[in-house]
Amino acid sequence: MKKNVAVAVISSFLVILSLYAVNAIIIEQQKNKQLEISTTLLHYSENLSLSLATALKEMTAQGCGNASLNHYRTLKRDNLYFDDIGFIENGKIVCTAFWGKLATPVALPSELHKTPQGFILAQFPPYGFFTGNAAIYNNVIIFTSRYAYDKFTPVTENYSLSSTTKDHGRTFFSVSPAPDKHNWRHSTLFTLTITQCSSRWDLCVIVKHYGAGLASLSSVVFIVLSAILALIGTALALFSIRLYEDRFSLERTLVRAVKSNTIGINYQPVIRIADKKIVGVEVLSRWRDANHMNVSPELFIPLIKKIGLYKTYYLNVIKKSLAEIAPLTIKHQLMVSLNVGRTEIEDGQFINLLRRECLLNNIPLSLIKIELSENAVTSAGILEEFCQELTLIGVKVSIDDFGVQNSNLARLTNLEYDEIKIDKSLVDGISEHYKQDIFVIFCDALAKMNKTLVFEGVENETQYNFIAERYPDALIQGWYFSKSLSRSDLAKMLAGLVH
């Protein structure tokens with residue numbers, strides 16, 4: 001039940017999030033058309049303002065004489081979007097081009113707006129003697145035509161257009177869809193608003209697109225889209241929950257395995273090329289979980305570190321492996337290789353633990369080999385000191401994974417070590433002709449350092465023969481001879497019971 005609720009909640013959230021994202025994408029695409037309309041409206045409004053300003057500033061006529069009225073009439077006739085032109089005395093319009101001298105002067109509106117350019121804007125009520133918008137300069141008033149913005153009305157089926165002063169206190173033009181065409185589409189989610197203001201005039205245009213984004217889709221398309229997103233959301237929710245359950249289950253099982261010391265140990269045989277004899281083994285941890293089957297060390301070891309049980313884990317591995325392998329080690333004089341990392345190198349307890357466990361199991365320290373990377377720790381001094389301590393007690397030191405990432409020959413000169421392990425990634429290059437020369441140059445340089453070479457990951461006869469011919473004193477390990485074995489299988493192989 002809880003899982004079903006979680007799936008429902010997660011999938012619903014993903015569907016809503018996806019719809020929101022799709023809505024944003026559609027709106028972004030629709031914004032181009034809206035921006036085009038907004039820019040056109042702004043340029044038109046600027047040109048209209050320029051015409052008014054030019055006419056007012058260049059006006060030479062004053063008063064209500066016949067010559068002045070005729071001049072007003074000529075100017076009105078030559079400008080399609082000038083509705084009327086008049087003259088003001090004592091705050092009242094006393095004459096206009098259309099009405100001539102008024103028997104009763106008409107007062108200006110009580111609220112006037114002064115622009116930074118020195119013009120005064122007036123807005124007359126819709127049912128008065130004069131209506132609409134007008135601009136005043138030097139006692140001359142020009143009324144703009146109510147039809148000045150008619151060219152924009154065909155695009156307003158889903159758009160709201162307006163032209164205002166920058167403080168939105170005066171509206172020069174405004175047109176919107178009929179109220180019944182908005183309804184739910186008028187919500188903020190489906191409304192795209194663009195505002196552009198003039199750099200020259202006290203003027204802004206506002207363009208709103210109603211029914212933008214998802215609201216512009218047909219009902220059928222919206223339903224199909226929602227259904228597809230719901231299926232995807234449910235699948236992702238189930239997948240996420242499964243991953244969480246597996247990871248959580250894996251962590252819990254791994255905690256039990258570490259604490260109960262049930263992580264298994266395998267041994268990878270190390271073969272001497274000269275006589276094809278097993279001369280050592282590398283200790284490898286293996287974990288088989290009932291639910292997750294065989295879990296790769298590359299997965300469970302980092303997970304052990306994450307949950308804070310790595311120290312317990314490596315203590316268990318050392319104790320269990322040395323106890324298991326001790327009889328075979330003593331009987332066949334096998335070199336036992338243990339991998340260590342940053343934790344073992346830096347905690348200051350590893351070497352004492354190693355000495356104690358070898359003593360308990362009667363394993364000579366000379367039969368122990370510690371494999372480490374020259375990049376295991378950031379401080380070269382710590383690594384050098386660790387290698388020196390191992391050498392002093394008779395433990396062999398092997399430089400592991402050489403040839404991976406930023407392996408550094410110069411750094412090796414400061415370390416005390418006995419062998420170098422060539423990483424599998426380089427051995428794989430033997431099968432590719434153009435990489436063989438690089439492999440030989442690299443390995444020849446290492447061979448001149450008079451250290452034992454160990455080639456990891458030898459998996460076929462071609463690789464073996466190539467290495468054996470050039471480096472007959474080297475050691476190898478890999479599936480060409482044997483995969484990692486349990487203690488019992490290793491014992492059979494050493495006894496010659498299996499090959």
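- Residues I476 and V427 are not in side-chain contact: their nearest non-hydrogen atoms beyond the backbone lie 4.5 Å or more apart.
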Checklist line | Intermediate values then yes/no, side-chain contact (heavy atoms from CB on, under 4.5 Å), L353 and Y314 | finding: CA-CA 11 Å; L353 170 69; Y314 92 70; 4.0 Å; yes
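- Considering L338, V340, I363 as possible partners of L354, the one that fulfils the side-chain contact (heavy atoms from CB on, under 4.5 Å) test is L338.
- Under the side-chain contact (heavy atoms from CB on, under 4.5 Å) criterion, R355 pairs with I351, L365, I393, not counting sequence neighbours.
- Note that the OH atom of Y310 and the CD1 atom of I301 stand 6.5 Å from one another [nearest 0.5 Å].
- Residues S162 and T164 have side chains that never bring a donor and an acceptor to within less than 3.5 angstrom of each other.
- Between P297 and R286, some side-chain heavy-atom pair lies under the 4.5 Å cut-off.
- In this structure, N361 CG and K319 NZ are separated by 11.0 Å, a value rounded to the nearest 0.5 Å.
- Annotation: side chain of S321 is not in contact with side chain of V336 (no heavy-atom distance under 4.5 Å).
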Next item on the list: Determine, stepwise, if the pair H209 / K33 fulfils side-chain contact (heavy atoms from CB on, under 4.5 Å).
Entry: CA-CA 10 Å; H209 181 191; K33 179 182 178 182; over 6 Å; no
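- More than 12 heavy atoms of other residues, nucleotides or ligands lie within 6.0 Å of CD in Q117, so this atom counts as buried by the packing criterion.
- The shortest distance between side-chain heavy atoms of Y149 and L41 falls below 4.5 Å.
- Side-chain atoms of Y44 and S163 form no donor-acceptor pair, as typed in the model, at a separation below 3.5 Å.
- Applying the side-chain contact (heavy atoms from CB on, under 4.5 Å) criterion to V440, with sequence neighbours excluded, gives D444, F466, R470, Y471.
- Here the side chains of F386 and I382 are not in contact, with every heavy-atom distance at 4.5 Å or above.
- In this structure, F439 has its ring center no closer than 6.0 Å to that of F442.
- In this structure S38 satisfies the side-chain contact (heavy atoms from CB on, under 4.5 Å) test together with I194, Q196, V205, V207, sequence neighbours excluded.
- In this structure, L359 CG and E357 CD are separated by 9.5 Å, a value rounded to the nearest 0.5 Å.
- Two residues are said to be in side-chain contact when any heavy atoms from C-beta on lie closer than 4.5 Å; I304 and I263 meet this criterion.
- Remark: the E282 side chain and the N339 side chain contain an N/O donor-acceptor pair separated by less than 3.5 Å.
- With ring centers used as reference points, Y464 lies under 6.0 Å from F481.
- Partner of F350 under the side-chain contact (heavy atoms from CB on, under 4.5 Å) criterion, out of T343, I370, L315: I370 alone.
- Using a 4.5 Å cut-off on side-chain heavy atoms (C-beta onward), L50 and W201 make contact.
- In summary, the side chains of E371 and S398 do not present any donor paired with an acceptor at a separation below 3.5 Å, with no hydrogens or angles considered.
- Note on residues 35-46: no pairs pass salt bridge (charged side-chain N to carboxylate O under 4.0 Å, His left out), not counting sequence neighbours.
- Qualifying side-chain contact (heavy atoms from CB on, under 4.5 Å) partners for N261, counting only residues two or more places apart in sequence or in other chains: N316, K320.
- K166 is linked by a salt bridge (Lys or Arg N to Asp or Glu O under 4.0 Å) to nothing, counting only residues two or more places apart in sequence or in another chain.
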